[in-house]
**Student:** 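I have a structure I would like to understand better, so I am pasting it below and will then ask my questions one at a time.
Naming convention: chains lettered A, B, ... in sequence-line order (proteins, then strands); numbering from 1 in each chain.
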Protein chains: 2
Amino acid sequence: MVQKQEYLSKNQKIVLDHVEKANQPLKAYSILYNVQKKGLKAPLQVYRALDKLVEIGKIHKIESRNAFVACKNSNCIVSNATAFSICESCEKVTEINNSKLSKYLSNFEDNSGMKYSKYNLEFFGLCKKCKNK
Amino acid sequence: MVQKQEYLSKNQKIVLDHVEKANQPLKAYSILYNVQKKGLKAPLQVYRALDKLVEIGKIHKIESRNAFVACKNSNCIVSNATAFSICESCEKVTEINNSKLSKYLSNFEDNSGMKYSKYNLEFFGLCKKCKNK
DNA sequence: AACGCATTGTTATATTATAACATTATTATT
DNA sequence: AATAATAATGTTATAATATAACAATGCGTT
């Protein structure tokens, strides 16, 4: 039996390194532009690395922004329960790590008979800095 | 002082009608294709109508799917607090109307000093039908 | 060695969304 | 009624985001 991948491939490492250094969400084509010196030439090389990194939870996609950010949540081994705050003025994005919230959402049930295995929550507002401007 | 718009324009009505009849999320270009007989010829005409309809809460965007669905929530006058369940198998999307959930999220505060004015929550899983297949 | 599978490399193309500019419609104010 | 402010329309072109398809390589398992 083939084991689940435990390491990152060359391209995956390059992309993850770059996204981790950014400390903010990056667009796929901005990543591409910046890793071209490392040999990644085509969008697909970046998208494929991102897909994998999202799948294993090292990177999250900010859906409302089509941007990618490194996971800041050490216990976020698989990317199945994510929450972010997004400042609508400066676009600063912060991953929310709140156990009450994640517990509440993971256990949430409505009357649809559907059991949820994942969620993504994006809060919008003004961050502290922008509020005081 | 100019009042807030109370009616829908021609294009907005056409797009909203179409999306309401669908009962499921539609892609912008699928909308475009289907309203061409009504005179909307270009993507921008659809996107502009969608933008407005999203702004006033008649339509919501399912961010993870880049698709648009009519609001099923009569008290959702402004589109600032939305929650959906998404079946990862059949792609059925349902708007969640749960006052406990919305109260919980609207009052949510973390330690960032940020007060949130909007949120969008997308749950993923298997719907009843697909679970039993 | 042979197999299975993930990854890579590459070219082309599909899909989603906006820029820019000119024009017309609607409503509020004078 | 005339004017001004705002919103909506129409149009062409293009930007930004993402995937299809195919050939080749690398790596662990049998």
**Student:** Taking atom NZ of A:K128 as the centre, report whether more than 12 heavy atoms of other residues, nucleotides or ligands fall under 6.0 Å from it.
**Tutor:**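 No, not enclosed.
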**Student:** Starting at OH of B:Y7 and ending at P of C:dT26, how long is that distance when rounded to a whole Å?
**Tutor:** 7 Å
**Student:** Rounded to the nearest 0.5 Å, how far apart are CD1 of B:I31 and CG of B:L40?
**Tutor:** 10.5 Å
**Student:** Is there a side-chain polar atom (N or O) of B:K52 under 4.0 Å from OP1 or OP2 of D:dT9?
**Tutor:** no
**Student:** Taking everything shown except B:K129 itself, do over 12 heavy atoms lie less than 6.0 Å from its NZ?
**Tutor:** no
**Student:** Using a strict cut-off of less than 4.0 Å between a Lys/Arg side-chain nitrogen and an Asp/Glu carboxylate oxygen, indicate whether B:E91 and B:R65 qualify as a salt bridge.
**Tutor:** yes
**Student:** Once you round it to whole Å, what is the distance between P of C:dT16 and OH of A:Y47?
**Tutor:**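 Going from OH in A:Y47 over to P in C:dT16 covers 13 Å.
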**Student:** Think B:Q45 has a side-chain N or O under 4.0 angstrom from the OP1 or OP2 of D:dT11?
**Tutor:** no
**Student:** Nearest-nucleotide wise, let me know which of A:N11 and B:A28 is further upstream toward the 5' end of DNA chain C.
**Tutor:** A:N11
**Student:** Assign each of B:P43 and B:N66 to its nearest nucleotide of DNA chain D by heavy atoms, then name whichever residue's nucleotide is nearer the 5' end.
**Tutor:** B:P43
**Student:** Report the distance from atom OH of B:Y33 to atom P of C:dT16, rounded to the nearest whole Å.
**Tutor:** 16 Å
**Student:** Would you mind reading off the distance between B:L8 atom CG and D:dA7 atom P, rounded to a whole angstrom?
**Tutor:** 15 Å
**Student:** With a 4.0 Å limit, can you tell me whether A:K41 has a side-chain N or O closer than that to the phosphate oxygens OP1/OP2 of C:dG9?
**Tutor:** no
**Student:** Distance check needed: C:dT15 P versus B:I31 CD1, whole Å only.
**Tutor:** 15 Å
**Student:** Rounded to the Å, how far apart are B:L32 CG and C:dA17 P?
**Tutor:**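 Spelled out: CG on B:L32 to P on C:dA17 is 13 Å.
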**Student:** Need to verify one output field. Residue with the more 5' nearest nucleotide on DNA chain C, B:D51 or A:R48?
**Tutor:**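 Its nearest nucleotide being more 5', the pick is A:R48.
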**Student:** Among the nucleotides D:dT12, C:dA17, C:dA19, which one has an atom lying closest to any side-chain atom of B:F68?
**Tutor:** C:dA17
**Student:** Would you say whether B:Y29 stacks on C:dT15? The test is a distance between ring centres of less than 5.5 Å and an angle between planes of less than 30°.
**Tutor:**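 Per 5.5 Å and 30° rule: no stacking.
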**Student:** Would you indicate, yes or no, if C:dA17 has its OP1 or OP2 atom less than 4.0 angstrom from a side-chain nitrogen or oxygen of B:K61?
**Tutor:**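 For C:dA17, OP1 or OP2 has a side-chain N or O of B:K61 closer than 4.0 Å.
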**Student:** Whole-Å distance between D:dT19 P and A:L50 CG?
**Tutor:**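 Those two atoms, CG and P, are 11 Å apart.
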**Student:** Which nucleotide wins on minimum distance to the side chain of B:Q12, given the candidates D:dA8, D:dA18, C:dA17?
**Tutor:**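 Among D:dA8, D:dA18, C:dA17, the one nearest the side chain of B:Q12 is D:dA8.
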**Student:** A:K10 side chain N/O closer than 4.0 Å to the phosphate oxygens (OP1, OP2) of C:dT8?
**Tutor:** no
**Student:** Tell me: NZ of B:K27 to C1' of D:dT17, nearest whole Å?
**Tutor:** 11 Å
**Student:** Verify the contact: side-chain N or O of B:S9 to OP1 or OP2 of C:dA25, cut-off strictly under 4.0 Å; return yes or no.
**Tutor:**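 No, no such contact exists.
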**Student:** Are B:K118 and A:E88 within salt-bridge range, i.e. N to O under 4.0 Å?
**Tutor:**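 Salt bridge: yes.
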